[in-house]
Structures are given as structure tokens and as C-alpha cells.
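What follows is a set of notes on a single structure, which appears directly below.
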Amino acid sequence: MAVATDPLASLVAQLRDAVCGSAPERVPSLVAAALEPHLGNRHLLDSRQLTPDPKRYRQYVLHVEPEGLFSIAALIWLPGQKTPVHDHASWCTVGVYRGCETETQYFLDGGRLSACARATRKSGSVEALAPGADIHQVANSGSEIAISLHVYGIRSEERRV
């Protein structure tokens, strides 16, 4: 009889391998490579973690690594739901698990935010974001539920691995 493996535990182990012992500047791209194959696993999230909120996008924390080295969250979006414009104080790798999302990137121009780029990402796509250069807004631009997996990590100067 085959032993069933926990898909989330498998993802966490691969992310841990990508983060621990790697040069800090390589971590986001290594995390992206580790995350990508899991985006097609329909058993990664349970039914509760697939439940949207009718008013705003919903976030489910899936894992927090000891000492905060990294965390994994699933974001569930109904069509038209979006984040406020924001940036990250840490690196972040995002994979689209289901549906599609549109990211609008901004730059700060004389104290004002100006949109500078827009990209739509479909199921299976992955992007690594570096802190300080990632002012953006994310929206579900499709007609169905969108789900994305976000891996957040601490800044390289905070790493103790």
C-alpha cells in the first residue's frame, strides 16, 4: 500500500531547502522554482481554504516557519476584488493556483504614485518580488474565483540561517 504524502508538508520542505543555506539574493527565484510544480496540485488546499469572502479578498495562513524565516498564505479572490496599492518589506514569491490576476505596478514620482506597468498572470505562473521595488496592486481580473499562493520571507539582513 502506498503511503500518502501531505502536499503542504512537501511544499514546506522544498521551500525550506530553497531558503536555508542559499545566498539571500537567490532566495526569491529558488522559492519560485520550488513553488511552481505545486500550483497544479488540486489537493494542496482544503475546501475551507477555497472559500471566498463576498466583500473582499480573503487570506488563509497555511504555514509559518519557526523564527519567521518564511510563511505561506493562500489568497482567495472573487471577480473584481483587489488589494490596496502596497509594497512589501520582505521578499515575496507569488504563484497563481487558479484563475487569473492582474498586477498593476507603480512608481513614486515626486510624492505621487504613477502606474507604470500591468501584467495578467494565469494559473501556473510564478513571480518573485524584491522589497523596495514592488509597489503594486493586485486584482482578480477574471470571471471566476482566483487563488494565489504567497510565500513571504524576511529580509536578507535579518536571516540567521
Side-chain angles (χ1 to χ4, degrees), residues 7-8 10-12 14-15 17-19 22-45 49-65 69-156 158:
L8 182 59
S10 175
L11 172 60
V12 168
Q14 290 178 21
L15 293 175
D17 287 346
V19 172
S22 300
E25 65 276 4
R26 294 191 62 223
V27 168
S29 61
L30 292 171
V31 166
L35 177 61
E36 187 174 23
H38 293 271
L39 296 175
N41 186 338
R42 295 299 174 209
H43 302 289
L44 188 62
L45 303 177
Q49 297 161 337
L50 299 171
T51 306
D53 182 305
K55 296 180 182 175
R56 63 191 61 86
Y57 72 94
R58 177 174 275 170
Q59 182 177 34
Y60 293 98
V61 176
L62 304 177
H63 177 80
V64 177
E65 188 69 359
L69 190 59
F70 67 89
S71 62
I72 309 168
L75 276 67
I76 315 302
W77 318 73
L78 289 173
Q81 291 179 337
K82 60 186 174 184
T83 67
V85 175
H86 66 284
D87 66 355
H88 297 271
S90 66
W91 59 262
C92 176
T93 300
V94 179
V96 181
Y97 184 72
R98 183 183 297 170
C100 67
E101 296 177 356
T102 298
E103 176 189 26
T104 304
Q105 297 175 341
Y106 295 86
F107 70 97
L108 197 54
D109 180 21
R112 295 189 66 167
L113 286 175
S114 299
C116 61
R118 179 171 283 145
T120 298
R121 295 183 181 83
K122 295 182 180 183
S123 183
S125 68
V126 180
E127 182 182 20
L129 306 170
D134 67 335
I135 302 171
H136 63 201
Q137 180 179 54
V138 181
N140 177 351
S141 56
S143 59
E144 300 176 2
I145 289 176
I147 302 171
S148 52
L149 299 178
H150 298 238
V151 183
Y152 300 101
I154 59 176
R155 296 182 304 236
S156 59
E158 296 172 336

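For Y152, the side chain to side chain donor-acceptor pair (under 3.5 Å) partners two or more places apart in sequence, or in a different chain, are H150.
Within a 6.0 Å sphere centred on CD of Q59, other residues, nucleotides and ligands contribute more than 12 heavy atoms. Atom CZ of R42 sits in a crowded spot, with more than 12 heavy atoms from other residues, nucleotides or ligands closer than 6.0 Å.
When the options L39, I72, L11 are evaluated for a side chain to side chain contact (heavy atoms under 4.5 Å, CB included) with L44, the one that passes is L11. Here the options are V138, L75, L78, the test is side chain to side chain contact (heavy atoms under 4.5 Å, CB included), and the partner is Y57; only L75 passes.
With a 4.5 Å cut-off on side-chain heavy atoms, L129 and H136 count as touching. When side chains are defined from C-beta on, T93 counts as touching V126, because their heavy atoms get closer than 4.5 Å. The shortest distance between side-chain heavy atoms of L45 and L149 falls below 4.5 Å. Annotation: side chain of Y60 is not in contact with side chain of I147 (no heavy-atom distance under 4.5 Å). Residues V31 and F70 are not in side-chain contact: their nearest non-hydrogen atoms beyond the backbone lie 4.5 Å or more apart. Contact check for I76 versus I145: side-chain heavy atoms found under the 4.5 Å cut-off.
Atoms CG and CZ, on L50 and R98 in that order, are 5.5 Å from each other to the nearest 0.5 Å. Rounding to the nearest 0.5 Å gives a distance of 12.0 Å between OG1 of T104 and CG of L113.
Sequence neighbours left out, the pairs with a member in residues 114-123 that pass salt bridge (Lys or Arg N to Asp or Glu O under 4.0 Å) are E103-R121, R121-E127. Applying the side-chain hydrogen bond (donor to acceptor under 3.5 Å, both in side chains) test to residues at least two apart or on different chains, the pairs with a partner in residues 69-82 are W77-E101, W77-S148.
Looking only at distances, a side-chain donor or acceptor of S90 sits under 3.5 Å from a matching main-chain atom of G153.
Scanning both residues, C92 and V94, for their nearest heavy atoms gives SG-CG2, 3.6 Å. The shortest heavy-atom contact between P7 and N41 is CB-ND2, 3.4 Å. Considering all non-hydrogen atoms of both residues, N140 and C100 come closest at OD1-O, 3.4 Å. L35 and G95 make their closest contact through CD2-N, 3.7 Å (heavy atoms, listed as atom of the first residue, atom of the second, distance). Minimum heavy-atom separation, Y97 to S123: O-OG, 3.2 Å. Closest non-hydrogen pair, P37 versus A33, comes out as CD-O, 3.2 Å.
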